[in-house]
Every structure is written in C-alpha cells, then in structure tokens.
**Student:** 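First, the structure itself, so that you have it in front of you.
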Amino acid sequence: TIEETVKSAMSQSVPAYLLSSGGGDDDPSTTPCCDKSSVLDKYKRHPLNDVTIDIAICCHNDGSTDSSLDLLYKLCDYKKEHNNEKQCENNRFKINTKILIGSNDDGIAKGAGAARNRAASLRSQQCPVGNMDKQLYFLCLLDSDDVMHPHRIAHQVSVMMALVTEERNATLLGTTFDRIPKDSTWHYTHWANNLKDERLMLERFRELTILQPTWMMTKQRFELLGGYIESSELGGDALSRKKGVECNSVYKLIHPKYDTEQSLKLAEDLRIFHAHLSYPYGTECSTEHRSGTLKLIRTVEPLLSYRHREGQSQSSLTPRKLLLQLRTKAFADTIILRNEKWTKGGFIIWGAGRDGKDFFKALPEDLKECVRAFVDVDEKKIASGYYSMAKEIESTIGQEKSEKKQKKKRECYKIPLVHFSLIANDDDKRKELIEIWVNGRGDDEISGRITKQKHFNEKVQLCEEDIALPQKRRGDVDSITATAKKRPKKDVVNTDMIEKDILSKLLQRKVHAIPKKDVVNT
C-alpha cells in the first residue's frame, strides 16, 4: 500500500477547467473556473495557468521493522528514472515532484504526531524553498495507506489561492472521500461527506468533521501551531484547564489526568484540530480572537480513497475513553470557560443516553454543578425523572479504605431529566412541541434523531406499528393495526402534569425556571 500511496502523490495532474478563469468580468485571479458537472461546492477557484506546483513527497520512517524504508528508496530510484516533471500540452503549467525520506536515528518509534512533524521539516532541511515572500507553501496530509485522486492537490491549491492571505492562513481545507474496501464504515462516511459548511464547526466536538488525510493548510499555519503535540510536552508546556486558550499562545489539548507519554502518541489529529480552531490568530489580547476556519471541497468524484483496516489502524486502537475525555476537555476549555453564561447561568445537556451521560461524567467536578438538566425525547428516560451520579471524593488511599469499611453513603448529583419542549422560551412553541410529543408526531431534525438506513436516497417508510406512540389525553385510542400493541399504563402521558411536574423538579434543584427572554445555551 505504501507504493500505491506514494505513486498516487507522484501522479498528480490538473483538470483543464482549472487552467482557465472561466471568461468572467471579475478579477481573473478569483473568478470561478469550475466544471459544474464535477464540482458540488461553491468555493471560488484560482486559475492555475502560469502557475508552477512543486510537490515534495515527504516520508518519515518512524522506527518501522518491516521493509517500508527499503521500498521508499526503491520508489525514489524509480522516480529518478522517469521524467521529473509533468507538463501540459500548452506549456503553461507543470508539476515538479520529488521524494524526500527521513528516519529516526535511534530506530525507536516516536508516534504519528512526531513522525508528521519530522516529515514536515524534511523539505526545509533537504530541499530548501527559495524566497517565501514570493511563493505559497502548503502542507498536504496523507496517510501511508491511502490513495489520492489525481486532481486532489490541484483542487486544494486552487481553492487556497483564491482566498485572501489572512483567510488562507487561518483555513484548514479538506475534501470528501470514499472507502477501501467500498462501503466500510458507510454511516461515518455519509455523515462526514454531507456536512454543510455551518455544521463543520457545530459538530466539531462530536468527531473530526474533516478527515486528517484530506487536510491542507499553509506551512505558516502549521508552524504557528507548533506542529503536532509530542510526548515531550507532557510536563510544563501543557496549559492548565483554568487557563484554557491564552493570548498569543497555542491551545494544547493535553488531559492532566488521563494523558501519559504513551497516550500523547494517540489522537494527534484531534489535538491539532482543536489547536487550529482555538488559536487567537492575528489579534492582540484586547481584541476579539480570530479562530481557525474549516472548509470542505465537495466533488462528484471524491479526492481521496481512505483505507479501512479493522483493528489495525491507530484510530481503532485509540481508547474511546481517552477520546471522550479529550473532546470534553476541549469543549470545557474553549466553550464553557470562555463565556460566563455557561458557568453562571448554567447549561442543559441534550440527550440522556450513553453519550450524554458520559459527557457529564467526563466534566470536571466544578462544571458538573453548572448542569441544570438533561433533555430528551425518550419517554422511558423521561419517566425516570432524574439522573443520579455519586460525587467524586478526593481522599488518600487510607481514607478510601476507611470509607469502604464504614460504607458511608456518598453525596450524589441529582439532575432533572425532562422533555426538550420545556426549554422553549415561547409559550406557544412549548405547547406545540408538547402536543407533537403527546400525539406521537416528531421531526427528526428537531429531535436530533439520525437515520441508520443505508439507502439515503430512498424515502424511509416506517410501519406505524413500529413507532411507539404515547396515548392521547382525551378520547379513545383507535387501534392502528390489528397487531399494534397496547401501551402499558405507566407510559400514559398526562399533559396536565408535564409542566407542573418538571418545574417542581427544577425548583428542587434550586434552579429558576427559564424566563421567555433569557438566552438558552445549546
């Protein structure tokens, strides 16, 4: 696969429609020049005529024990035997390619992040670039087992060149992808490839919204972030949680409790992803921070083939608990602690399932106190009334043994668990949502449900007998089908008691009901 990967980088070309400005009346350097039958996004492309792209394929051997290094040198010899540049028929455009190889002197693996840092420095060490003021220098990420589409670099360079300098240096640009083998992790692939621009940011704490092997950023941005976090940064360089993102510094996503020298070799993409989005680029402390931005190129034919090896990739070997702790810490540092509305006014967690509860458990103890309620659409969860969890007790080993012997009852968090309609500020909207809930009608987009159906282009028709409907408050409930099951009495929803019961729970937690005009943090 290394040979296939490197050769895909050696075989880059430029489609004809990126060599023309499109004949518009605007500035030809920013006029869209796309083939609408091939490109689905609305980003402007910079025409690449009279542009020379020089590609250095930088490979770093991170202590491998197989024949990977020998294969890289053979590929280097293969490249020398063939033409070192690809030139278009009109002689206006050419691509130069070269292979640069590095290796750890001690032969000991340092981790993926450290290997990428070494690879990124190979060009300046082995093949220095000329005057950087007159050239643009980009880093294009690629894993050693993935395959690039022949037009990937051309598309990404064209989009980056169309941006103004300040925006270009703050942009992390990705592409859509397909899988090898086909349809592996199809649900994740569909989710990532179909995120709208605004959701690239909104869902960043759920998962990486742009896949690392598709990334392109300026070399200046990479150096500004200090590259990837390495295990040597476990000590004094890690920012404390309370300090979070400091002015003129890089946000270091290092967990003070769960990170070790070994764990810092994992989740390197997640750490630099949040460093990019949180960096106060181009501003002073007294002004509003300019954070990094995300863009995703969408083409009919994906620009990367992402190989799936179940149980063999680093991502599959990264503990889920570590990812949860890191994402929660990033959310706490960059969202909660940077706005007093979250800490003073409190906030609500949407979803009382596994992920919502795990998020609550991963929060620091002081931020758990800021959680006002869980909201959900599941009647069984709502019927429980509360979510309870024992509070952590800081004590010595001796004290812990003593407490176990005495079997003292620990103090618990008791968080109200309510239907999401109760957080609506408008009375009419609240009543409308409650009515929808009681009558069994729902909107997947509003309630947060995600389809698990594989055929996304076909309308999914559910049998009504498969939908759990609460009983209506008045009148007889007609049988929907002959096989429909009668709901147990305990699941009957009494709308007269909904608001009264939930408000009493909130008052028991010493929390005021949300006034109409208050802003709700979501």
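Just so it is clear, the model here is predicted, and its values are computed rather than measured.
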**Student:** Go through the steps for D333 and K329 under the test salt bridge (charged side-chain N to carboxylate O under 4.0 Å, His left out), then give the verdict.
**Tutor:** CA-CA 6 Å; D333 288 345; K329 184 180 189 302; 2.6 Å; yes

**Student:** Heavy atoms, side chains only, cut-off 4.5 Å: are T97 and Q12 in contact?
**Tutor:**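 SC-SC contact between T97 and Q12 ruled out.
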
**Student:** Look at R320 together with D358 and state whether they make a salt bridge at an N to O cut-off of under 4.0 Å.
**Tutor:**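 Salt bridge present between R320 and D358.
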
**Student:** For residues 99-111, which side-chain N or O atoms pair as donor and acceptor with protein atoms under 3.5 Å away, sequence neighbours left out?
**Tutor:**
from : atom 1 : to   : atom 2 : distance (Å)
S103 : OG     : N61  : ND2    : 3.2
N104 : OD1    : H60  : NE2    : 2.6
N104 : ND2    : D62  : OD1    : 2.8
N104 : ND2    : I108 : O      : 2.8
D106 : OD1    : I108 : N      : 3.1
D106 : OD1    : K110 : NZ     : 2.9
D106 : OD2    : K110 : NZ     : 3.0
K110 : NZ     : I108 : O      : 3.1

**Student:** With side chain to side chain donor-acceptor pair (under 3.5 Å) as the test, pick out the partner of S68 among D70, T65, D66.
**Tutor:**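 Only one of D70, T65, D66 forms a side chain to side chain donor-acceptor pair (under 3.5 Å) with S68, namely D66.
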
**Student:** Under a plain distance cut-off of 3.5 Å, with no hydrogens placed, do T293 and T171 share a side-chain donor-acceptor pair?
**Tutor:**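 Yes, side-chain donor-acceptor contact under 3.5 Å.
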
**Student:** Going by distance alone, is a donor N or O of one side chain under 3.5 Å from an acceptor N or O of the other, for E203 and W191?
**Tutor:**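 Yes, side-chain donor-acceptor contact under 3.5 Å.
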
**Student:** How close do A154 and S13 get, heavy atom to heavy atom, and via which atoms?
**Tutor:**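 For A154 versus S13, the nearest heavy atoms are CB-O, 3.6 Å.
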
**Student:** For I348 and I423, run side-chain contact (heavy atoms from CB on, under 4.5 Å): C-alpha distance rounded to whole Å, both residues' side-chain angles, the deciding distance at 0.1 Å, then the answer.
**Tutor:** CA-CA 9 Å; I348 293 169; I423 65 174; 3.4 Å; yes

**Student:** Dump the intermediate steps for side-chain contact (heavy atoms from CB on, under 4.5 Å) on E3 and K74, then the final yes or no.
**Tutor:** CA-CA 9 Å; E3 181 176 3; K74 288 181 181 179; over 6 Å; no

**Student:** Run the numbers on V371 and F347 for side-chain contact (heavy atoms from CB on, under 4.5 Å), then give the verdict.
**Tutor:** CA-CA 5 Å; V371 178; F347 58 95; 3.7 Å; yes

**Student:** Say whether, by atom type as modelled, one donor and one acceptor occur between the side chain of R118 and the main chain of A114 under 3.5 angstrom.
**Tutor:**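 The answer is yes, because a donor-acceptor pair under 3.5 Å joins these two groups.
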
**Student:** Looking at R152 and T214, would you say the former's side chain and the latter's main chain have a donor-acceptor pair under 3.5 Å?
**Tutor:**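 Checking the backbone N and O of T214 against the side chain of R152, a donor-acceptor pair under 3.5 Å is found.
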
**Student:** Can you tell me if CZ on R298 sees more than 12 non-hydrogen neighbours from other groups inside 6.0 Å?
**Tutor:**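 Atom CZ in R298 is crowded, with more than 12 foreign heavy atoms closer than 6.0 Å.
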
**Student:** Spell out, as yes or no, whether a donor-acceptor pair under 3.5 Å connects the side chain of K368 to the backbone of K361.
**Tutor:**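 It does hold such a pair.
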
**Student:** Using 0.5 Å steps for rounding, measure from the OG atom of S11 to the CE atom of M148.
**Tutor:**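 Between atom OG of S11 and atom CE of M148 there are 9.0 Å.
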
**Student:** What distance separates L141 CG from D269 CG, expressed to the nearest 0.5 Å?
**Tutor:**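 One finds 9.5 Å between CG of L141 and CG of D269.
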
**Student:** Return the minimal non-hydrogen interatomic distance between L139 and A120, and the atom names on each side.
**Tutor:**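 Heavy atoms of L139 and A120 come nearest at CD1-CB, 4.2 Å.
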
**Student:** I'd like to check R179 versus S305 (side-chain heavy atoms, cut-off strictly below 4.5 Å). Are they in contact?
**Tutor:**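 No, every pair of side-chain atoms sits at 4.5 Å or beyond.
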
**Student:** Answer whether the closest heavy-atom distance between the side chains of K295 and Q156 falls below 4.5 Å.
**Tutor:**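 Side chain of K295 against side chain of Q156, heavy atoms only: no contact under 4.5 Å found.
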
**Student:** If you compare all heavy atoms of F177 against all heavy atoms of A192, which two are closest, and at what distance to 0.1 Å?
**Tutor:**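 Residues F177 and A192, closest heavy atoms: CE2-CB, 3.9 Å.
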
**Student:** Are side-chain heavy atoms of T218 and L136 found at a separation under 4.5 Å?
**Tutor:**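 A side-chain contact under 4.5 Å is absent here.
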
**Student:** Is a side-chain donor or acceptor of N194 paired with a backbone partner of H190 at a separation under 3.5 angstrom?
**Tutor:**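 Judged by distance alone, yes, a pair lies under 3.5 Å.
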
**Student:** Do side-chain atoms of N193 reach the backbone of T176 as a donor and acceptor pair under 3.5 angstrom?
**Tutor:**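 Pair absent, no side-chain N/O of N193 close to backbone of T176.
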
**Student:** Considering non-hydrogen atoms only, spot the tightest contact between A267 and L323 and give its length.
**Tutor:**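 Looks like CB-CD2, 4.0 Å.
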
**Student:** Taking atom CD of E198 as the centre, report whether more than 12 heavy atoms of other residues, nucleotides or ligands fall under 6.0 Å from it.
**Tutor:**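 Correct, the count exceeds 12.
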
**Student:** With a 3.5 Å distance limit and no angle check, can you tell me whether T328 reaches the backbone of Q325 through a side-chain donor-acceptor pair?
**Tutor:**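 Checking the backbone N and O of Q325 against the side chain of T328, no donor-acceptor pair under 3.5 Å is found.
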
**Student:** Determine yes or no for a side-chain-to-main-chain donor-acceptor pair under 3.5 angstrom, with E268 supplying the side chain and L264 the backbone.
**Tutor:**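 Side chain of E268 to backbone of L264, a donor-acceptor pair under 3.5 Å: no, none is there.
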
**Student:** Taking the side chain as every heavy atom from C-beta outward, state whether V157 and M216 have any pair of such atoms under 4.5 Å apart.
**Tutor:**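 SC-SC contact between V157 and M216 confirmed.
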
**Student:** Nearest heavy-atom pair of Y188 and L208: which atoms, and what distance?
**Tutor:**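 Closest approach of Y188 to L208, heavy atoms only: OH-O, 3.8 Å.
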
**Student:** Output every pair passing ring-ring contact (aromatic ring centres under 6.0 Å, His included) with a member in residues 199-221, not counting sequence neighbours, ordered by first then second residue.
**Tutor:**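 Residue pairs passing ring-ring contact (aromatic ring centres under 6.0 Å, His included), neighbours aside: F205-H274, F205-F331.
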
**Student:** Stepwise, does the salt bridge (charged side-chain N to carboxylate O under 4.0 Å, His left out) test hold for R271 with D259?
**Tutor:** CA-CA 12 Å; R271 300 176 197 272; D259 264 324; 2.9 Å; yes

**Student:** Would you confirm whether T299, through its side chain, and V39, through its main-chain N or O, come within 3.5 Å as a donor-acceptor pair?
**Tutor:**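 Here the side-chain-to-backbone pair does not exist.
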
**Student:** Given side chains that start at C-beta, do those of R168 and R221 come closer than 4.5 Å, heavy atoms only?
**Tutor:**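 No, too far: nothing below the 4.5 Å cut-off.
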
**Student:** If I take atom NZ from residue K7 and atom CD1 from residue I57, how far apart are they, to the nearest 0.5 angstrom?
**Tutor:**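 Here the interatomic distance stands at 11.5 Å.
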
**Student:** With side-chain contact (heavy atoms from CB on, under 4.5 Å) as the test, would you mind laying out the steps for E230 and R116 before giving the verdict?
**Tutor:** CA-CA 10 Å; E230 301 184 23; R116 294 183 196 278; over 6 Å; no

**Student:** Hey, is the main chain of D145 close enough, under 3.5 Å, to the side chain of R307 for a donor-acceptor pair?
**Tutor:**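 Checking the backbone N and O of D145 against the side chain of R307, a donor-acceptor pair under 3.5 Å is found.
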
**Student:** Less than 4.5 Å apart, any side-chain heavy atom of T189 and any of D178?
**Tutor:**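 With C-beta onward as the side chain, the pair stays apart.
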
**Student:** Which heavy atom of P213 sits nearest to which heavy atom of D143, and what is that distance?
**Tutor:**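 So the minimum-distance heavy-atom pair works out to CG-OD2, 3.3 Å.
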
**Student:** So, taking the atom named NZ in K265 and the one named CD1 in I229, what distance separates them when rounded to the nearest 0.5 Å?
**Tutor:**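 Reported to 0.5 Å precision, the distance equals 15.0 Å.
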
**Student:** Within the 4.5 Å heavy-atom criterion, are M161 and L48 side-chain neighbours or not?
**Tutor:**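 A side-chain contact under 4.5 Å exists here.
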
**Student:** Once rounded to the nearest 0.5 Å, what's the spacing between atom CD of E301 and atom CG of L40?
**Tutor:**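 Interatomic distance, E301 CD to L40 CG, rounded to 0.5 Å: 11.5 Å.
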
**Student:** Once rounded to the nearest 0.5 Å, what's the spacing between atom CG of L211 and atom CG of D146?
**Tutor:**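 Rounded to the nearest 0.5 Å, the CG-CG separation comes out at 7.5 Å.
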
